[in-house]
Amino acid sequence: MQDRLRPLVVTTGPGPADVRRVAGLDVAYAEDSDRLAAAVVVLDPDTLQVLERSVVLGHARFPYVPGLFAFRELPSLVEALDGLSVPPDLLVCDGQGLAHPRRFGLACHLGVHTGIPSIGVGKTAFVGTYDTPPPHRGAASDLVLDGDVVGAVLRTQDNVKPVFVSVGHGLDLAAACRHVLALSPHFRLPETTRQADTACRAALAQATAAGLARDAVRSD
DNA sequence: GCGACAG
DNA sequence: ATCTTGTCGC
């Protein structure tokens with residue numbers, strides 16, 4: 001499926017002319033059971049203020065298999081996206097885009113599936129080789145796989161471990177890095193990712209608490 | 001054959 | 001992804 005969809009990915013161009021709504025997507029999992037919470041948080045790209053949140057609870061129907069990550073998270077993330085009142089102009093995904101064995105990571109899959117430009121931001125490397133970028137914010141080095149530049153190792157804060165940025169869909173790598181930097185004025189990860197992480201974790205925690213309370217009443 | 005392996 | 005304990009730096 002990834003090899004079939006890969007040709008549909010657009011990896012060139014500056015992307016959306018004016019981005020008014022940027023979305024951060026993330027999924028949290030329960031330690032036991034297969035429960036999960038998927039969140040999409042939409043921010044104003046200029047003020048970084050939260051405009052809207054959409055969180056859905058669900059169950060993992062696919063195991064974590066490196067290279068097949070999208071099959072685990074995409075279904076729930078699409079459900080969360082459908083819960084938004086207005087579709088976002090750009091998706092910032094927690095994971096890789098083109099920096100993938102078949103050049104079709106989660107960010108590419110979400111971008112092609114929704115038709116919305118997307119960026120992949122990973123916290124650790126998955127594939128490729130690279131030189132350590134200079135220590136200052138904004139510095140970057142190529143992430144190379146089989147002779148192709150599949151992403152950038154980007155420093156979002158001075159003297160802080162870099163993030164792995166790769167194109168998802170609908171824009172080039174330079175534009176992707178520009179967006180990630182703008183979304184990370186204070187912390188290592190983009191504000192979109194941070195907000196989505198907080199949202200899905202909170203939702204999972206409240207669901208867990210509600211479930212325990214319900215079970216307590218049952219046995220009572 | 002062995003080690004690596006987004007989240 | 002999730003858990004855990006302390007440590008370092010602003």
Side-chain angles (χ1 to χ4, degrees), chain A residues 1-2 5-6 9 24-41 55-78 80 91-113 118-130 135-137 143-146 148 150-154 156-169 173 176 180 184-190 192-209 211:
Chain A
M1 181 182 288
Q2 296 176 328
L5 297 177
R6 169 67 186 82
V9 175
L25 304 82
D26 193 20
V27 179
Y29 299 85
E31 41 189 314
D32 288 331
S33 83
D34 59 351
R35 292 182 309 106
L36 62 77
V40 176
V41 179
V55 184
V56 300
L57 296 176
H59 295 74
R61 302 173 191 183
F62 199 91
Y64 167 65
V65 180
L68 300 180
F69 188 48
F71 295 95
R72 179 172 172 77
E73 301 208 332
L74 186 139
S76 297
L77 288 174
V78 169
L91 307 178
V92 177
C93 311
D94 195 18
Q96 320 291 333
L98 294 179
H100 174 278
R102 289 170 294 283
R103 314 296 202 276
F104 199 74
L106 174 65
C108 298
H109 209 141
L110 272 168
V112 168
H113 183 91
S118 65
I119 299 171
V121 180
K123 294 179 284 296
T124 63
F126 180 30
V127 294
T129 59
Y130 59 92
H136 59 277
R137 170 182 154 83
L143 180 61
V144 180
L145 178 63
D146 297 325
D148 299 324
V150 297
V153 183
L154 179 68
T156 54
Q157 296 298 317
D158 291 352
N159 301 101
V160 166
K161 184 181 359 170
V163 295
F164 298 78
V165 179
S166 56
V167 167
H169 177 62
L173 185 56
V180 171
S184 315
H186 198 54
F187 301 102
R188 179 192 177 221
L189 297 177
T192 36
T193 298
R194 290 165 48 76
Q195 288 290 341
D197 182 81
T198 295
C200 60
R201 281 204 225 190
L204 191 62
Q206 64 83 17
T208 300

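Atom set for the values below is all heavy atoms of this structure, side chains included, hydrogens, waters and symmetry mates excluded. Just so we're on the same page: letters track the sequence lines, and every chain starts at 1.
One interatomic measurement links the two molecules: NE2 of A:H100 to P of B:dG7, which rounds to 13 Å at whole-angstrom precision. One can place CZ of A:R61 at 21 Å from P of C:dA1, the figure rounded to the nearest angstrom. Straight-line distance from the CG atom of A:L74 to the C1' atom of C:dA1: 17 Å, rounded to whole Å. The CG atom of A:D158 sits 16 Å away from the P atom of C:dG9 (whole-angstrom rounding). For A:E73 and C:dT2, the CD to C1' distance is 13 Å, given to the nearest whole Å. Going from atom CZ of A:R201 over to atom C1' of C:dC3 covers 11 Å, rounded to whole Å. Separating the CZ atom of A:R72 from the P atom of B:dG7 is a distance of 13 Å, rounded to the nearest angstrom. Rounded to whole Å, the distance from CG on A:N159 to P on C:dC8 is 17 Å.
Taking the centre of each ring, A:F69 and A:H109 stay at or above the 6.0 Å mark.
Within 6.0 Å of the NE2 atom in A:H136, the count of heavy atoms belonging to other residues, nucleotides or ligands exceeds 12.
Taking only side-chain atoms of A:E31, from C-beta outward, the nucleotide of B:dC5, C:dT2, B:dG7 with the closest atom is C:dT2.
The main-chain N or O of A:S184 is found under 3.5 Å from a side-chain atom of A:R137 such that the two form a donor-acceptor pair. In this structure, the side chain of A:R194 does not engage the main chain of A:G24 through any donor-acceptor pair within 3.5 Å.
Between A:Y64 and B:dA6, a side-chain N or O to OP1/OP2 separation shorter than 4.0 Å is present.
Across all strands shown, A:G67 has heavy atoms under 4.0 Å from base atoms, whether or not it also approaches the sugar-phosphate. Residue contacts for A:L68: at a heavy-atom cut-off of 4.0 Å it reaches a base atom on one of the strands shown. Residue contacts shown for A:A125 are limited to sugar-phosphate atoms, with no base heavy atom under 4.0 Å away. Among the atoms of the strands shown, only primed sugar atoms or phosphate atoms (P, OP1, OP2) are found under 4.0 Å from some heavy atom of A:G122. At a threshold of 4.0 angstrom between heavy atoms, the contacts of A:L36 with the nucleic acid are absent. As judged by a 4.0 angstrom heavy-atom cut-off over every strand, A:Y29 is placed among residues touching the sugar-phosphate backbone only. The residue A:A28 sits close only to the backbone: its heavy atoms come under 4.0 Å of sugar-phosphate atoms, none of a base.
Of the candidates A:R35, A:E73, A:H59, A:Y29 forms a side-chain hydrogen bond (donor to acceptor under 3.5 Å, both in side chains) with just one, namely A:E73.
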